[in-house]
Chemist: 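Sharing a structure, written as structure tokens. Questions coming.
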Amino acid sequence: MKHLLTRPLFQVALLATSVGGMLAWTGQHNNLEASSHREAPLVADDPLVDNTDVYAFRSPDAPANDANASVTIIANYIPFELPQGGPTYYTFGENIQYDIHVKNQADTRGDDITYRFTFKRFNEDPSTFFRVRLGKENLKTYYALDEIRNGRTTQIFGFEPVPAPNIGPRSIETPVGLNRTEGYEAYMQSRIRRTQSGMQVFCGQIDDPFFTDIGAIFDLGHVRPRGEARDGLARFNTHTIAMKIPVRLLTKPGVGALTSATNILDSNYIIGVWASANRRSLRTIAQNGAEIHRGDFVQVSRLGMPLTNEVINPIGLKDEWNSRDPYQQALPGQGTVQFRLNENLMNPELGLYVADDMPKNGAAPKPMGQTYFGEAIPGLSPLRIQTRSLAGLLPAVPNGFDFRNGANGLAVLAGNPVLNGTALAPFAQGGFGEYLLRPGKPRSVDLLPLFHTGVPNLPPYQLATGKEGNPLAAGKPFINNFLPTFGDMLRLNMAVPPTPRNSPDFSSEGLLAAAALGLADPRFNTSTAVQFIPNMDGFPNGRRLEDDVTRIELQAVGGIVLAAIGLWYDDYMVGSSPSPLTPQLLSVLNFTTNVEKNDKAFRTVFPYVAVPWSGYEGGDVAQNDMVAAQNRAMPAVGLGMQPKVAVLQGYPNPFVDRTTLFFELARPAELTIVVTDVKTGRKVATVAAGRSFKAGANELVWQPNGDVAPGLYNVTLYTGKTIITSTRIERQ
């Protein structure tokens, strides 16, 4: 019944959005600059404010649903940092407010919590051109952190150091540099700051965790074959603001810790997260090069859901979108920007490239005046959208449902009594049909709520499990992150437990992997009860570092979410098909851009991101060559079934007396596992020698002898003399 409490607000906000101009424009956010991996026209002018990615997920090393449960929020800035970009290495900018925004109440305007970071830079030794020399830094950076909660500002930190960039081993580890003999990873960990309330904070340079074949995708939707695809972000760094925050500090007033949750989809624990950067409105450059910053701070960058501005928004809206908050701000004389952004979700441009202009195989005629370009984008051909989905199922819709751009989708059912009791019923009947069902705008039923309101735990937004062929019936719950603030942000239900990263069920396909398990796995598909399904904590319920958001969003445009709730693909024949897992559905499930993991393994401890690439390593492509070779040898075969390139990690890490090595293999292999001292390169142990391991998840305990001193060690997997993968662990 929780959704009933938010319906009046939902209805009023929809009315204001629809008529346009009814909300007052405050003028607080002028149309200046843009952000997110150079996706908007003005972002190249100011990379220091470029908000490249935002992540929000349940912290995997604090899994219990108790007072110690926490959420990790990560906001990254400054794209495409070359590790060797000296002598003036990348760093956070001054005169910028870097903000992380949290929304936990649907009935308040604006943010409920804002974490604001500001940075100052100093030169300790202006007599040298080196970034680091003899223990001193130039452009040494410090940050302050303020919390703004319900309009009241509290300083959390005042002057905390940011680690120097990972220039190279001489600059970091030797006496002529910083003399951090423990190595960069331990130096990085030492910069984590903790509060008495249990919060942890890290600011600094990291390996860019985003992964995709960006070069191919922006070449008009090209998808390179496996073995040729390249991670366009590989071997680039970025700067991160990472926060590990107890759940009790993020919930709305009166809710508190997870011990009070009624179940793993409890609506009281839903938050929205987005990030931004603000600059002063005036900048003056003097003849001596000095800069003077004046005026109010104005927003020049923002990001919530990944790829919104990169892929969803047309180029004419990108700069404008970055200057606005996600709370329905109006534009003078032009209606609301939110209304126009809704249009791009309800008829997304990508939808034009997943439909053929010439109907084939009994497809419905094109909507009048509509043109499609699917034939011109062969790489997206596996994602063809439904044109006659479930023809013959409902007497009211004998020709089925057409979800191509310009078609009516489920709007053909608007006002039909079959929608009673569902989220698609009219407001007067207890639903949200006026928002979700719009003629000529077919994706208002799936893409629009995914990006702008979250998805409620109501029919039809439940898995087809238990629906007995009726997509409008109640099914198996698998998502509830409904927070109707009508704007782009990551929405996370914090009550959903984290999936262990060493679980054989863990998948980079996030919530889609949970849907596949809920539909096909006998552990989960025998009842419609609320139950934790692995990866229910994945994108788009928040976003984990490992989630392959490019693949997931492309599959979503292809209609995979519609299929998950029972709106099967065109080749499913009602009454005759033995299984909804038809060739067309499997084609979407198996779709991949052929870059499915980061170029570095993520870590098991906060801040979880990988250590930045060293400038000394810059230009070395050996790692890329190794990953490419592994990808060629280990082809993907589809959602939930694809083999994985070997991934290795130790847990716990750091450890005292023993650690368990977890790794996954695409196929059975004979491996040798060697441990070497990071500082000396000396081999200290052979954990396995030519031992056979099975395909899938493996684990092996290493309990070092007493002569293995505390320190940093590399664990390397070999097959013969070929390195498969490696990771770094620490003995305390």
Side-chain angles (χ1 to χ4, degrees), residues 13-43 45-46 49-54 75 77 96-103 106 108-114 116 148 272-281 295-346 348-349 447-454 483-491:
L14 173 61
L15 177 63
T17 302
S18 299
V19 300
M22 292 182 65
L23 299 175
W25 182 57
T26 65
Q28 291 176 345
H29 300 298
N30 295 318
N31 186 13
L32 294 180
E33 299 171 355
S35 79
S36 185
H37 278 109
R38 298 178 56 87
E39 97 296 352
L42 295 175
V43 70
D45 294 339
D46 199 357
V49 300
D50 185 349
N51 185 190
T52 63
D53 281 289
V54 178
Y77 295 85
I96 300 171
Q97 294 173 337
Y98 296 94
D99 288 351
I100 291 176
H101 311 262
V102 177
K103 185 73 180 159
T108 58
R109 175 162 176 78
D111 299 329
D112 297 306
I113 309 170
T114 301
R116 173 161 292 162
I148 306 169
V273 176
W274 59 290
S276 66
N278 312 309
R279 274 201 182 276
R280 292 199 181 273
S281 57
D296 295 335
F297 279 98
V298 293
Q299 182 177 299
V300 295
S301 163
R302 75 158 159 133
L303 193 65
M305 288 283 281
L307 303 177
T308 301
N309 214 20
E310 209 154 8
V311 175
I312 301 297
N313 295 339
I315 198 163
L317 277 181
K318 290 180 182 294
D319 295 334
E320 179 180 316
W321 184 89
N322 277 281
S323 69
R324 307 287 164 186
D325 67 29
Y327 301 117
Q328 298 181 296
Q329 283 201 293
L331 299 175
Q334 301 180 42
T336 66
V337 66
Q338 196 65 56
F339 181 76
R340 289 187 286 146
L341 291 173
N342 282 347
E343 293 291 311
N344 299 317
L345 288 165
M346 295 184 291
E349 182 187 354
L447 297 184
L448 181 62
L450 281 175
F451 278 77
H452 278 184
T453 64
L483 187 69
T485 52
F486 296 91
D488 178 277
M489 58 181 71
L490 282 174
R491 288 169 170 84

Chemist: Please report the interatomic distance CD1(I100) to OG1(T114), rounded to the nearest 0.5 Å.
Modeler: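 Reported to 0.5 Å precision, the distance equals 10.0 Å.
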Chemist: Considering all heavy atoms of both residues, which atom of Y327 and which atom of R109 are nearest to each other, and what is their separation?
Modeler: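 Distance-wise, the nearest heavy atoms are O-NH1, 3.3 Å.
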Chemist: Is there a donor-acceptor pair closer than 3.5 Å between any side-chain N or O of R324 and the backbone N or O of Q299?
Modeler: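 Not at all, since once roles are kept as given, no pair shorter than 3.5 Å links the two residues.
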Chemist: CG/L490 to CG/L303 distance, rounded to the nearest 0.5 angstrom?
Modeler: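 Output value for this atom pair is 8.0 Å.
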Chemist: So, for L483 and G272, which heavy atoms are closest and what is the spacing to 0.1 Å?
Modeler: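 Answer, listing the atom of L483 first, then G272: CD2-N, 3.6 Å.
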Chemist: For the pair D99 (side chain) and H101 (backbone), establish whether a donor and an acceptor sit closer than 3.5 Å, ignoring hydrogens and angles.
Modeler: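 Pair absent, no side-chain N/O of D99 close to backbone of H101.
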Chemist: With sequence neighbours excluded, tell me which residues meet salt bridge (charged side-chain N to carboxylate O under 4.0 Å, His left out) with D111.
Modeler: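 Counting only residues at least two positions away or on another chain, D111 forms no salt bridge (charged side-chain N to carboxylate O under 4.0 Å, His left out).
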Chemist: Got a donor-acceptor contact below 3.5 angstrom from the S281 side chain to the G295 backbone?
Modeler: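 No, the answer is negative, given that no donor and acceptor are paired below the 3.5 Å cut-off.
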Chemist: Between T485 and R491, which heavy-atom pair has the shortest distance, and what is it?
Modeler: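 Shortest heavy-atom contact: OG1-NH2, 2.7 Å.
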Chemist: Within the distance-only criterion (no hydrogens, no angle test), does the side chain of K103 pair as donor or acceptor with the backbone N or O of V273 below 3.5 angstrom?
Modeler: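 No: the side chain of K103 does not pair with the backbone of V273.
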Chemist: What distance separates M489 CE from H452 NE2, expressed to the nearest 0.5 Å?
Modeler: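 Those atoms lie 9.5 Å apart.
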Chemist: Does any N or O in the side chain of D488 come within less than 3.5 Å of the main-chain N or O of F451, such that one atom is a donor and the other an acceptor?
Modeler: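 No, the answer is negative, given that no donor and acceptor are paired below the 3.5 Å cut-off.
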Chemist: Mark yes or no for whether R279, through its side chain, and V300, through its backbone, hold a donor-acceptor pair below 3.5 Å.
Modeler: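 Pair absent, no side-chain N/O of R279 close to backbone of V300.
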Chemist: Mind checking ring-ring contact (aromatic ring centres under 6.0 Å, His included) for Y98 and listing every partner two or more places apart, or none if nothing turns up?
Modeler: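 Partners of Y98 by the ring-ring contact (aromatic ring centres under 6.0 Å, His included) criterion, ordered by chain and then number, come out as Y77, F92, F119.
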Chemist: For residues V54 and N51, report the shortest heavy-atom separation together with the two atoms involved.
Modeler: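 That closest heavy-atom pairing would be CG2-OD1, 3.9 Å.
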